[in-house]
Q: 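Before anything else, here's the structure in question.
Owing to the predicted nature of the structure, the values given are computational and were not obtained by experimental measurement. Each chain gets a letter, A, B and so on, in the order the sequences are listed, and its residues count up from 1.
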2 protein chains.
Amino acid sequence: MTKNVFDKPLVKPTAPLIKDAGKLVASYPKVPITVDCVIFGFEENELKVLLIRSDLEMYKGLWSLLGDNVKNNEELDTAAYRVLKERTGMNDVYLDQVRAFSHPQRHPAGRVITVAYCSLLNIQHHELKIYANELHWHSFSSIKSLAFDHKAILDTCYKWLQKRIQEHPLGFNLLPDKFSLRELQNLYEAILGVSLDRRNFRKKFASMDLLIDVGEMEENVPHRPGKLYKFNFEKYEKNKRKWIGIDF
Amino acid sequence: MTKNVFDKPLVKPTAPLIKDAGKLVASYPKVPITVDCVIFGFEENELKVLLIRSDLEMYKGLWSLLGDNVKNNEELDTAAYRVLKERTGMNDVYLDQVRAFSHPQRHPAGRVITVAYCSLLNIQHHELKIYANELHWHSFSSIKSLAFDHKAILDTCYKWLQKRIQEHPLGFNLLPDKFSLRELQNLYEAILGVSLDRRNFRKKFASMDLLIDVGEMEENVPHRPGKLYKFNFEKYEKNKRKWIGIDF
DNA sequence: TTGAAATGTGTACATTTTACATAATAAATT
DNA sequence: AATTTATTATGTAAAATGTACACATTTCAA
């Protein structure tokens, strides 16, 4: 048996119950919390990320993710949503928590813990408003460095998206309401970084039976227009099946 | 076009750069942060969870997850690992961050944000030490309520585990170093809540070619003993392939 | 010695994935 | 008006994978 360094329990079995939880919590170190949103878009067959010029002197010239501190009694989700609304003007945007980043030196001003969110939206959506000229859509692949640890956060969210898009129907949030199968395939190819067989891709989605033919065609394409589809979220939600399949 | 409530950018395009980031961060609300570990074990063909009796008067009689506040300049991962070591005496335990929970009323003493971790360990491991009699392994399915929002955290981690175990080789952390195929199958059946075909299950793992026959047999089983295997983590890490497969 | 309980293995069938080619359509060009 | 270009739309055969299912073997316990 290996020698064990913890020879005593740290919590005494008979410790008295704590009556004043407030006092206990007051003794905890307190940390400024932020949320950072990785806002993805899709345009010209490229995955894009919405970035803002850093407003910190020391990061002059660098871009950073859109974030803000979390207010008193504000949920993390709410904070992330608030950032999104403030920056894009959009409601009903896809948003999901990815993970917390806590390296003690991740913020130059001292300890700040941030929770990363991934957001997907349609760049062409008519409600999208990028007011400030400090905001800009960058092609994901061109982003080499960012302020703070935002490059690491971005990469984590990208991998998260790559995985997630294969198992959940969130890619549609990057497309217009009505889209062609080619647009959908371009999206998957761009995010996964592979090229897919067109016929098999179509067959796959046809077999899922989750696309609604809206009876319209593409317009203003310099070739034969394709049919337009909507994703049937309702049907998807109703039939969501639990996957069993061991594979690694 | 819908009327938009945000008529002005919140960041002025020409806002001067911030020189004193420290001052800025000092203005952020600060929040006590904790980590909570969902520590899973597997015994008698049941998924177990290590819980501690709540030390809060108001939660008297209720159990809670193992957690602690995050120290100054301590990484979240480090804090979670510290909790694990303190409670179990074990090193090299599987641990992964799941997500942050931030409901303003989740802690009775006021706002505390917690980051949930999922940990998997072998209950029979000889270094495992459950000293305090306030600590106890509970069968997952018997847990109906917990202190704080820990039931919700537990359920989130359970779903996370169900999904994760199908795509990554982490289940082995719940078993002894050497295990039989039956033990492995029991583990999957217990966690996924399904029953699997024994022959197909074996064939599946045989085709992965990631189990090493250690040339030993089970002992002290009241029937024909099965072969013992180890998981070939090395080979797995080397051959980790990127999965492409759209399915939802 | 026998019975109980579980191990270990193989095959046929169904389903899914993959690779691949041709005809039709619309727009742009001549 | 005819031709070229780009892309849509579709089907089939082969391979791989998943599923359902049965029997002989081994060890322990009685």
Q: Could you tell me the separation between the CE atom of A:Met217 and the C1' atom of D:dT8, rounded to a whole number of Å?
A: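 Computing the A:Met217:CE to D:dT8:C1' distance gives 8 Å.
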Q: Find out whether A:Tyr117 and A:Asp96 are in side-chain contact, i.e. whether some heavy atom of one side chain is under 4.5 Å from a heavy atom of the other.
A: no
Q: Step by step, would you call A:Arg82 with A:Asp77 a salt bridge (Lys or Arg N to Asp or Glu O under 4.0 Å)?
A: CA-CA 9 Å; A:Arg82 175 171 54 75; A:Asp77 286 4; over 6 Å; no
Q: Starting at NZ of A:Lys227 and ending at C1' of D:dT7, how long is that distance when rounded to a whole Å?
A: 15 Å
Q: Run the ring-ring contact (aromatic ring centres under 6.0 Å, His included) test against B:Phe172 and tell me which residues pass, sequence neighbours left out.
A: B:Phe179, B:Phe231
Q: Measure from CG on A:Asn220 to C1' on D:dT7 and round the result to the nearest Å.
A: 16 Å
Q: CG of A:Leu196 versus C1' of C:dT17: gap in Å, rounded?
A: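 My rounded result for the distance is 13 Å.
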Q: Extract from the structure each pairing of a protein N or O with an N or O of nucleotides 3-6 of chain C at less than 3.5 Å, listing the distance.
A:
unit_1	atom_1	unit_2	atom_2	d
C:dA6	O3'	B:Arg182	NE	3.2

Q: Just to verify, what does A:Tyr94 make a ring-ring contact (aromatic ring centres under 6.0 Å, His included) with, not counting sequence neighbours?
A: none
Q: What integer distance in Å separates B:Phe201:CZ from C:dG8:P?
A: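 It works out to 13 Å between those atoms.
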Q: Residues two or more places apart in sequence or in another chain: which of them pass ring-ring contact (aromatic ring centres under 6.0 Å, His included) with B:Tyr158?
A: B:Phe140
Q: Rounded to whole angstrom units, what separation is found between the CD atom of A:Gln185 and the C1' atom of D:dA9?
A: 13 Å
Q: All N/O contacts under 3.5 Å from nucleotides 18-21 of chain D to the protein, with atom names and distances to one decimal?
A:
unit_1	atom_1	unit_2	atom_2	d
D:dG18	OP2	B:Lys204	NZ	3.3
D:dT19	O4	B:Lys203	NZ	3.1
D:dA20	N7	B:Asn200	ND2	3.0
D:dA20	N6	B:Asn200	OD1	3.3
D:dA20	N6	B:Lys203	NZ	3.1
D:dC21	N4	B:Arg199	NE	3.4

Q: Verify the distance criterion only: is there a donor paired with an acceptor across the side chains of A:Gln185 and A:Glu189 at less than 3.5 Å?
A: yes
Q: Could I get the full list of ring-ring contact (aromatic ring centres under 6.0 Å, His included) partners for A:His138, not counting sequence neighbours?
A: A:Trp63, A:His136
Q: Is a donor on one side and an acceptor on the other found under 3.5 Å between the side chain of A:Glu237 and the backbone of A:Asn232?
A: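 A pair under 3.5 Å: no.
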